[in-house]
Amino acid sequence: VYKRQLQKMEFIDKYEDYITDEKNYHILQMLKLGVKHKTIKDLMEINSDSKFYACINEIVSVYMDAQRGHYDEKTSKR
């Protein structure tokens, strides 16, 4: 179980620089630190769940593209 969690975190860390939207990048960093959704919404001045989850969907899209091999390891977009 621990090894699988470590692999997941390594994958997230490896591709996080492809999240080019600053707000989404900071949301990801706070999620990685275990910050609660409500706190993130307050800090980032996101006033609705739908806007928060739209950001989450954009973050997830980056990782879906990474799984499909759309990013070259040598080139960061950040």
Side-chain angles (χ1 to χ4, degrees):
V1 175
Y2 175 75
K3 183 178 180 181
R4 183 75 177 132
Q5 288 176 331
L6 184 59
Q7 289 173 332
K8 288 178 182 180
M9 287 307 299
E10 287 172 347
F11 179 81
I12 290 169
D13 291 344
K14 180 177 180 179
Y15 292 102
E16 68 185 9
D17 286 343
Y18 290 96
I19 298 171
T20 56
D21 181 278
E22 288 295 319
K23 181 181 273 190
N24 293 347
Y25 183 81
H26 291 296
I27 289 170
L28 175 63
Q29 297 311 308
M30 287 188 273
L31 288 171
K32 286 171 55 178
L33 293 171
V35 177
K36 296 185 183 289
H37 294 175
K38 182 182 181 334
T39 303
I40 294 172
K41 285 172 53 182
D42 291 343
L43 290 171
M44 300 302 291
E45 299 178 352
I46 300 171
N47 56 11
S48 73
D49 284 340
S50 62
K51 287 182 183 177
F52 176 77
Y53 287 108
C55 293
I56 297 298
N57 285 336
E58 289 176 19
I59 293 167
V60 169
S61 291
V62 170
Y63 288 104
M64 295 292 289
D65 287 345
Q67 284 183 320
R68 293 181 186 117
H70 290 195
Y71 300 119
D72 182 327
E73 285 183 43
K74 298 174 185 173
T75 308
S76 171
K77 292 187 175 187
R78 201 163 187 28

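Side chains included, hydrogens not; waters and symmetry mates left out as well; all remaining heavy atoms used.
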Derivation and outcome, side chain to side chain contact (heavy atoms under 4.5 Å, CB included), residues Val35 and Leu31
CA-CA 5 Å; Val35 177; Leu31 288 171; over 6 Å; no

Go through the steps to decide whether Lys32 and Asp13 satisfy the test side chain to side chain contact (heavy atoms under 4.5 Å, CB included), and finish with yes or no.
CA-CA 10 Å; Lys32 286 171 55 178; Asp13 291 344; 2.6 Å; yes

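Residues satisfying the side chain to side chain contact (heavy atoms under 4.5 Å, CB included) criterion with Lys23, sequence neighbours excluded, are Asp21, Ile27, Met44, Ile46, Cys55. Take Ser48 and apply the side chain to side chain contact (heavy atoms under 4.5 Å, CB included) test, not counting sequence neighbours, and it matches Ser50, Lys51. Partners of Met64 according to the side chain to side chain contact (heavy atoms under 4.5 Å, CB included) rule, which considers only residues two or more places apart in sequence or in another chain, are Val60, Gln67, Arg68.
For the atom pair OH of Tyr63 and CD1 of Ile19, the computed distance is 4.0 Å after rounding to the nearest 0.5 Å. Taking CD from Glu58 and OG1 from Thr20, the interatomic distance works out to 9.0 Å, rounded to the nearest 0.5 Å. A distance of 10.0 Å separates CG in Leu43 from NZ in Lys38, rounded to the nearest 0.5 Å. Expressed to the nearest 0.5 Å, how far NZ of Lys8 lies from CG of Leu6 amounts to 12.0 Å.
Nearest heavy atom pair, residue Tyr15 against residue Val62, reads O-CG1, 4.2 Å. For the residue pair Phe52 and Lys41, the shortest heavy atom distance occurs at CD1-CG, 3.7 Å.
More than 12 heavy-atom neighbours from other residues, nucleotides or ligands sit within 6.0 angstrom of CD on Gln7.
Asp17 is listed as a side-chain neighbour of Tyr25, based on a closest heavy-atom distance under 4.5 Å.
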